[in-house]
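Contents: one structure, followed by commentary.
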Amino acid sequence: MRNFHFPGRSPVYGRRAMCATSHPAASVAALDVLRAGGNAVDASIAAAAVLAVVEPPMTGIGGDCFVLMHKPGRKKLIALNASGRAPKGATPEFFASKGVKKFETTSVHSVTVPGAIDGWCRILEDYGSMPLDKLLEPAIEYADKGFVVAPRVAADWAHAARKITGPGAKQHLLREGKVPKAGELMRFPALAKTLKKIAKDGRAGFYEGDVARDMVKELNALGGCHTMEDFAAQRSSYVDPISVEYKGVELNELPPSNHGIVALIMLRMLARLGKPPANPVSAERYHLLMEVARQAFAMRDAFVADPDMADVPVAHMLSDAVIDKLAKRIDRKKHRPELGPIPRPAGSDTVCFSIVDEKGMAVSFINSLYGDFGTGIVTGKTGIVMHNRGEGFVLDPAHPNCVAPGKRPMHTLVPAFVTKEGKPLMPFGVMGAHFQPMGHVYIMSNMFDYGMDPQEAIDTPRVFFEGDALHAEHGVPEDVVEGLRKMGHTVVRRAFPWGGGQGVFFDRENGTLIGASDPRKDGLAIGY
């Protein structure tokens with residue numbers, strides 16, 4: 001239990017249903033759906049759509065999504081990969097002819113076909129209970145009538161102002177020529193019309209007709225190879241989750257092309273390394289996590305790709321032999337700059353939320369543009385911000401993640417789901433691009449190594465690496481930072497905190513639900 005003398009958040013308790021999102025408007029929209037008799041999938045679509053309007057630096061209908069969900073009566077979790085594919089013309093030869101050496105954040109070549117809307121429609125058709133037009137009503141109203149810019153959203157908007165340079169971006173993302181401030185009213189009339197089109201025609205309202213033509217026209221004008229056929233062909237797919245056991249529970253992740261496997265590698269390494277440091281906010285603990293993370297992310301960079309078009313050795317990456325080899329490289333007392341060779345097999349900015357309904361259906365949902373405002377490309381007529389997921393590709397033909405027509409890039413969006421003995425325990429997520437699997441490990445370790453409740457587990461200060469340096473949040477005590485430096489780390493303070501998390505925990509003992517929402521964002525958990 002937290003110390004009530006100090007600022008902080010209490011976990012939110014409910015008996016029947018619970019939702020936790022990164023913005024109050026999305027939480028209210030989800031709650032309204034649940035109270036009207038909708039299920040967790042219905043509430044997720046309503047929340048995702050509202051977030052695509054009110055938190056535009058982080059998410060939008062021009063992005064991708066992934067879902068992990070539990071359906072009562074079904075033993076296995078349901079996993080949906082709704083990431084977009086590269087255009088048919090996206091060959092290494094095409095990019096070489098354009099002089100492209102790498103996929104830059106703001107380049108049109110980093111735009112893959114957005115997968116989110118197809119994902120929303122697919123999971124709603126298969127598991128939802130309410131019509132799409134009804135679920136999009138709150139988002140349409142916010143886009144049409146206006147929404148109040150929240151404090152963290154305003155900060156993200158200002159930070160991403162460097163991308164608001166194109167005509168579409170200036171038209172739709174500025175208020176009287178300036179970045180909107182917290183408390184100001186913002187409207188997206190063009191986006192409202194696009195959402196109305198989707199509400200009326202479903203996925204065809206986005207991937208076919210005038211909306212698709214507007215996106216293709218804008219992308220082609222910037223040199224992209226996208227076609228109407230590429231948009232019409234986009235389809236999400238159900239996949240089998242992957243998982244590992246940790247401290248008596250199981251962490252479930254999406255398989256590659258998603259990089260959720262990074263969290264699984266880390267947890268297996270931590271289990272192999274034995275007892276964790278006694279203090280969760282200590283140099284010893286952060287050092288151990290960072291050394292483990294560097295090894296796991298190096299494995300990701302070597303192997304994770306679209307399994308439809310590359311051999312991704314998942315079993316090898318999680319094997320005892322590989323985990324033993326990686327764990328033996330960890331020095332618990334000092335930083336090891338050299339990672340060592342990657343064990344090879346023989347022969348070879350974002351929103352997340354969690355919702356649980358009255359019947360026990362539980363959803364972990366994540367939707368993102370990747371970078372803040374994605375590429376910064378915004379369509380003029382339809383007001384769609386285009387993501388930059390193609391930045392996850394490489395151009396080396398020998399690499400499994402090399403770009404190819406119809407291929408999905410290595411993807412950083414990762415919803416998570418904890419189960420225990422086959423039963424749902426906690427859908428959760430931690431947003432923040434490459435940080436996300438690290439965030440999953442923080443939550444898992446905080447709860448199951450240190451006994452924190454879900455809110456405490458989310459609140460605890462975070463450290464992560466960028467390049468050769470560790471970037472510490474301001475909540476990390478100075479003596480801990482100095483301790484890390486003495487262990488050989490370069491440590492700097494990070495301007496923005498690491499990610500934001502949401503989760504809903506099943507309290508089996510009391511028959512209740514516990515919601516938690518990250519104070520690093522504007523959101524809240526709310527239930528009944």
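Each residue takes its place number in the sequence, starting with 1.
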*asked:* Any side-chain to backbone donor/acceptor pair from Asp42 onto Ser129? Under 3.5 Å, distance only.
replied: yes
*Applying side-chain hydrogen bond (donor to acceptor under 3.5 Å, both in side chains) between Tyr528 and each of Arg15, Glu358, Arg16, report the one that passes.*
Glu358
*Look at the rings of Phe464 and Phe435 and say which category their plane angle falls in: under 30° parallel, 30 to 60° tilted, over 60° perpendicular.*
perpendicular
_Considering all heavy atoms, the nearest Val312-Pro307 contact_ = CG2-CA, 4.1 Å
*Point-to-point distance, once rounded to the nearest 0.5 Å, from CD1 of Ile323 to CG of Leu270*: 10.0 Å
*asked:* Tell me whether Glu473 contacts the main-chain N or O of Trp498 through its side chain, where contact means a donor paired with an acceptor under 3.5 Å.
replied: yes
*asked:* Ignoring hydrogens, what is the shortest heavy-atom contact between Cys402 and Asp396? Give both atom names and the distance.
replied: CB-O, 3.1 Å
*Identify whether the distance between the nearest side-chain nitrogen and carboxylate oxygen of Lys76 and Asp240 falls below 4.0 Å.*
yes
*Could you tell me whether Glu478 and Arg493 have a side-chain N and a carboxylate O separated by less than 4.0 Å?*
yes
*Taking the side chain as C-beta and beyond, is there a heavy-atom pair between His23 and Val50 under 4.5 Å?*
no
*Assess the pair His489 and Tyr286: is the distance between their ring centroids shorter than 6.0 Å?*
no
_Salt bridge flag under 4.0 Å for residues Lys333 and Asp331_ = no
*Spell out, as yes or no, whether a donor-acceptor pair under 3.5 Å connects the side chain of Ser282 to the backbone of Arg285.*
yes
_With a 4.0 Å cut-off on N to O distance, would you call Asp459 and Arg9 a salt bridge?_
no
*Is any NZ, NE, NH1 or NH2 atom of the basic residue among Glu391 and Lys102 found under 4.0 Å from an Asp or Glu carboxylate oxygen of the other?*
no
*Return the minimal non-hydrogen interatomic distance between Pro72 and Gly360, and the atom names on each side.*
CG-C, 3.7 Å
*Any side-chain heavy atom of Phe417 within less than 4.5 Å of one from Pro424?*
yes
*Sidechain-backbone polar pair: His399 side chain, Asp301 backbone, donor-acceptor under 3.5 Å*: yes
*Would you call Lys334-Glu284 a salt bridge at under 4.0 Å N-O?*
no
*Is the shortest heavy-atom distance from the side chain of Leu254 to the side chain of Val239 under 4.5 Å?*
yes
*Counting distance only, does the side-chain N/O of Asp357 pair as donor-acceptor with the main-chain N or O of Met361 below 3.5 Å?*
yes
*asked:* Strictly distance-based, threshold 3.5 Å: is any side-chain N or O of Glu466 a donor or acceptor partner for the main-chain N or O of His471?
replied: no
*Between Tyr238 and Asp126, do the side chains contain an N or O donor and an N or O acceptor separated by less than 3.5 Å?*
yes
*Do Glu250 and Glu421 come within less than 4.5 Å of each other through their side chains, counting heavy atoms only?*
no
*Got a second to check how far Ile443's CD1 is from Met438's CE, nearest 0.5 Å?*
10.0 Å
*Below 4.5 Å, heavy atoms only, C-beta onward: do Thr460 and Tyr442 meet side chain to side chain?*
no
*With ring-ring contact (aromatic ring centres under 6.0 Å, His included) as the test, would you mind laying out the steps for Phe297 and Phe465 before giving the verdict?*
CA-CA 11 Å; Phe297 276 84; Phe465 62 86; 5.7 Å; yes
*Measure from the side-chain N and O atoms of Ser44 to the backbone N and O of Ala40, and report whether any donor-acceptor pair falls under 3.5 Å.*
yes
_Taking Val351's backbone N and O only, do any of them form a donor-acceptor pair with Ser22's side chain (distance below 3.5 Å, no angle check)?_
no
*Gln436, Gln502, Met58, Lys521 screened by side chain to side chain contact (heavy atoms under 4.5 Å, CB included) with Cys352, the one that passes*: Gln502
_Stepwise salt bridge (charged side-chain N to carboxylate O under 4.0 Å, His left out) check, Arg408 with Asp64_ = CA-CA 11 Å; Arg408 296 171 295 188; Asp64 287 344; over 6 Å; no
_Could you measure the distance from the CG atom of Leu289 to the CZ atom of Arg462? Nearest 0.5 Å is fine._
12.5 Å
*For side-chain hydrogen bond (donor to acceptor under 3.5 Å, both in side chains), just list the numbers for Arg485 and Thr490, CA-CA rounded to whole Å, side-chain angles, deciding distance to a tenth of an Å, and then say yes or no.*
CA-CA 6 Å; Arg485 288 174 177 148; Thr490 299; over 6 Å; no
*Can you tell me how far NE2 of His434 sits from CE of Met410, rounded to the nearest 0.5 angstrom?*
5.5 Å
*More than 12 heavy atoms of other residues, nucleotides or ligands under 6.0 Å from NZ of Lys247: is that the case?*
yes
*When rounded to the nearest 0.5 angstrom, what distance separates SG in Cys121 from CD1 in Ile45?*
8.0 Å
_I'd like to know whether Asn388 forms a side-chain contact (heavy atoms from CB on, under 4.5 Å) with Val111, so could you lay out the CA-CA distance, the side-chain angles of the two residues, the decisive distance to 0.1 Å, and finally the verdict._
CA-CA 5 Å; Asn388 61 313; Val111 180; over 6 Å; no
*Which heavy-atom pair separates Ala52 from Gly60 by the least distance, and what is that distance?*
CB-CA, 3.7 Å
*Evaluate the side-chain hydrogen bond (donor to acceptor under 3.5 Å, both in side chains) criterion for residues Asn279 and Tyr450: first the C-alpha distance (whole Å), next the side-chain angles of each, then the deciding distance (0.1 Å), finally the verdict.*
CA-CA 8 Å; Asn279 185 349; Tyr450 296 100; over 6 Å; no
*Looking at side-chain heavy atoms only, is the closest gap between Tyr246 and Leu251 below 4.5 Å?*
no
*Looking at His287 and Arg332, what are the two nearest heavy atoms and their distance?*
CD2-O, 3.3 Å
_Quick check: His316 with Phe303 (ring centres under 6.0 Å apart)?_
yes
_Tell me if a side-chain donor or acceptor on Gln455 pairs with a main-chain N or O of Ser517 at a distance below 3.5 Å._
yes
*How far does CG of Asn367 sit from NE2 of His387, to the nearest 0.5 angstrom?*
10.5 Å
*Report, as yes or no, whether the 6.0 Å neighbourhood of atom CG on Asn3 holds more than 12 heavy atoms from other residues, nucleotides or ligands.*
yes
*asked:* Any non-hydrogen side-chain atom of Lys407 less than 4.5 Å from a side-chain atom of Phe393?
replied: yes
*asked:* Would Ser368 and Thr59 count as a side-chain hydrogen bond (donor to acceptor under 3.5 Å, both in side chains) here? Give the steps.
replied: CA-CA 4 Å; Ser368 173; Thr59 187; over 6 Å; no
*asked:* Please check this pair: side chain of Asp306 against backbone of Asp308, looking for a donor-acceptor N/O pair closer than 3.5 Å.
replied: yes
*Do Gln295 and Arg329 pass the side-chain hydrogen bond (donor to acceptor under 3.5 Å, both in side chains) test, and can you show the C-alpha distance, the side-chain angles, and the key distance before you say yes or no?*
CA-CA 9 Å; Gln295 295 287 341; Arg329 297 175 179 178; 3.3 Å; yes
*Stacked cation flag Arg122 on Trp120, 6.0 angstrom / 45 deg*: no
*So, do Asn258 and Asn81 sit near enough that their side-chain heavy atoms are less than 4.5 Å apart?*
no
*Please lay out, stage by stage, how Asn401 and Val304 fare under the test side-chain contact (heavy atoms from CB on, under 4.5 Å).*
CA-CA 7 Å; Asn401 190 37; Val304 173; over 6 Å; no
*Ring centroid separation Phe365 to Phe66 under 6.0 Å*: no
*Do Glu55 and Arg152 meet the salt-bridge criterion of a basic N to acidic O distance under 4.0 Å?*
no
